[in-house]
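Just below is one structure, and these are the notes that go with it.
Just follow the structure's listing: the first ligand is 1, and inside any ligand the first atom is 1.
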Amino acid sequence: MTTAATPVSDVDIFADDVLTDPYAAYAVLRETGAAVYLERYDCWALPRYEHVRAALRDHERFSSVDSVGYEPSLNERRRGGVLATDPPEHEVLRAVLSESLAPRALAGLRDGIARRATELVESVVARGSFDVVSDLARVFPLTVVADLIGMPLRARDEVLVFADAFFNTFGPLNERTTASVQVSDRLLEELISMMNRDNLVPGGWGEALYQAADRGVIEEHQVGRLLRAYLVASMDTTINAISSALWLFAEHPAAWTALRSDRTLLRSAFEEVVRFESPVQVFFRRTTRPVEIDGVTIPPQAQVAMLFGSANRDPRKWPEPDTFDVGRAPMDHVGFGSGVHACAGQGLARVEGNAILSALLDHVEAIHLAGPPRRHLNNVIRGLESLPVTVTTGALS
Ligand code: HEM
């Protein structure tokens, strides 16, 4: 229930024009209030950094059960997955994933990932012109993660179509979602059956999940859900971080030059990309009781949009938030979430992003747009369909 004092907006956060360029709409929402009722969707939105971060760290009042996406019937299908559970159930699933994604596990992977990044970058750079999305960004995380899972080769072609469709199903029942539901159901079934115990390459993350089931840590039926978590969470997120990075460096040549002369900026530059063009723009939560934010009461059982992309552009938190600044070091952005569901794969995403950028810094003096970038619209993911570039080569002196 809303009152005359409730901040209300008719902004449609899932409309094509808002997905294409959401930042003006986010600014309006941030000015409207700390908690805004979205009348089109009969749900609430948190647009400011402080409240998004606090809500993400408050799973007792902002639950993920049956609520990470907007649409109730689609949330039911995600029931029991790592994203869609609260503690204590969540802790068990998260611990199993963390065995493969923890810093200790990643330390042994770093050199191999760097070598692969160098090979891929050298091959595209040798061509002079290439499409960042199809030739680089979509190739790299897919091959890295598929190998880490131990995924059979024939399963790999469909993973990206599946992940994009699955992310659309976190939105309302708009055209994007309805076109995606069947695709994502069909491909998920195919992929999980292709990744049964006998087909997985030994020693990978997939086998480790079956072993966790053998030890009784998780139930056998939870293996598929965790495989799904790996497949979905690790693809379009990292792909779009890499694509957006190259787009931003093409648009900001001085930032690229600064990185070439001071590699220590690389780590914070990747975080600035994730802050500035957050690959995950929104996920939802559900209030378990009335929650008061800045004098406004959100009722119990309300769907609440966590606007990661808006929080990361909030001027209350970030000076000149709409400026891409590789010296900013925005380590506390919420592009990887926060709290118990904070991205389990953020270490891997950083290793992948840094490996690609590092290999490019070794070889490329400047990145030039060779045509207009094309956006890929997804209900919750911000990214590109195509980014044609030419590169000027030059080794570091
Ligand atoms: C730049 C790349 C990435 C971004 C921006 C990103 C973003 C996010 C965000 C915002 C969440 C929080 C969801 C929530 O609060 O409900 C999340 C969760 C998650 N991410 Fe990532 N992610 C990235 C890469 C990866 C990679 C490479 C993996 C590897 C498998 C991964 C695995 C996961 C998993 C398993 C979760 C669920 C954690 C949980 O519910 O406890 N992510 N990610």
*Mode of Phe283 contact toward ligand 1 - side chain, backbone, both, neither (heavy atoms, under 4.0 Å)*: side chain
*Closest protein heavy atom (residue, atom, distance) for atom 29 (C) of ligand 1*: Ser234 CB, 3.5 Å
*Sub-6.0 Å ring centroid separation between Phe170 and Phe14*: no
*Do the side chain of Arg313 and the main chain of Ala27 share a donor and acceptor less than 3.5 angstrom apart?*
no
*Are Asp164 and Arg176 close enough for a salt bridge, meaning some N to O gap below 4.0 Å?*
no
_Just to confirm my output: which protein heavy-atom neighbour is closest to atom 14 (C) of ligand 1, and how far is it?_
Arg285 NH2, 3.4 Å
*asked:* I'd like to know if Arg197 pairs up with Asp214 as an ion pair, taking the criterion as any Lys NZ or Arg NE/NH1/NH2 lying under 4.0 Å from an Asp or Glu carboxylate oxygen.
replied: yes
*Do the ring planes of Phe283 and Phe308 sit parallel (below 30°), tilted (30 to 60°) or perpendicular (above 60°)?*
perpendicular
*Distance to 0.1 Å, residue and atom name: give those for the protein heavy atom nearest to atom 28 (C) of ligand 1.*
Gly345 CA, 3.4 Å
*Which is it for Lys317 and Asp332 under the side-chain contact (heavy atoms from CB on, under 4.5 Å) test, yes or no, and what are the steps along the way?*
CA-CA 10 Å; Lys317 165 70 180 169; Asp332 50 351; 2.6 Å; yes
*What part of Val280, side chain, backbone, both or neither, has a heavy atom within less than 4.0 angstrom of ligand 1?*
side chain
*Is the closest basic N to carboxylate O distance between Arg127 and Asp135 below 4.0 Å?*
yes
*How far is atom 24 (C) of ligand 1 from its nearest protein heavy atom, and which residue and atom name does that atom have?*
Thr237 OG1, 3.4 Å
*Give a yes or no on whether a salt bridge exists between Arg61 and Asp58, defined as a side-chain N under 4.0 angstrom from a carboxylate O.*
yes
*Which atoms of ligand 1 are found less than 4.0 Å from any heavy atom of Ala241?*
1 (C)
*Among all protein heavy atoms, pick out the one at the shortest distance from atom 38 (C) of ligand 1; state its residue, atom name and that distance to 0.1 Å.*
Arg94 NH1, 3.3 Å
*asked:* Give me the nearest non-hydrogen protein atom to atom 21 (Fe) of ligand 1 as residue plus atom name, then the distance to 0.1 Å.
replied: Cys343 SG, 2.3 Å
*Short list, please: which atoms of ligand 1 are under 4.0 Å from a heavy atom of Leu97?*
35 (C)
*asked:* Applying a heavy-atom cut-off of 4.0 Å, say which part of His90 lies close to ligand 1: side chain, backbone, both or neither.
replied: side chain
_Under a 4.0 Å threshold between the charged nitrogen and the carboxylate oxygen, would Glu271 count as salt-bridged to Arg350?_
yes
*Identity and separation of the nearest protein heavy atom to atom 27 (C) of ligand 1*: Thr238 OG1, 3.5 Å
*Would you call Arg275-Glu272 a salt bridge at under 4.0 Å N-O?*
yes
_Under the side chain to side chain contact (heavy atoms under 4.5 Å, CB included) test against Pro388, which residue among Val132, Asp131, Val133 passes?_
Asp131
_Side chain, backbone, both or neither: Ala233 near ligand 1, heavy atoms under 4.0 Å_ = both
*Does Glu50 come within less than 4.0 Å of Arg57, counting only side-chain N to carboxylate O?*
no
*atom 40 (O) of ligand 1: which protein heavy atom is closest, and how many Å away?*
His341 ND1, 2.6 Å
_Which of the numbered atoms in ligand 1 are under 4.0 angstrom from any heavy atom belonging to Ala344?_
19 (C), 20 (N), 33 (C), 34 (C), 35 (C), 36 (C)
*At under 4.0 Å between heavy atoms, which part of Val340 makes contact with ligand 1: side chain, backbone, both or neither?*
backbone
*Non-hydrogen atom of Gly335 closer than 4.0 Å to ligand 1*: yes
_Contacting atoms of ligand 1, where contact means under 4.0 angstrom from a heavy atom of Ala349_ = 1 (C), 2 (C), 24 (C)
*asked:* List ligand 1 atoms under 4.0 Å from Val82, heavy atoms only on the residue side.
replied: 39 (C), 40 (O), 41 (O)
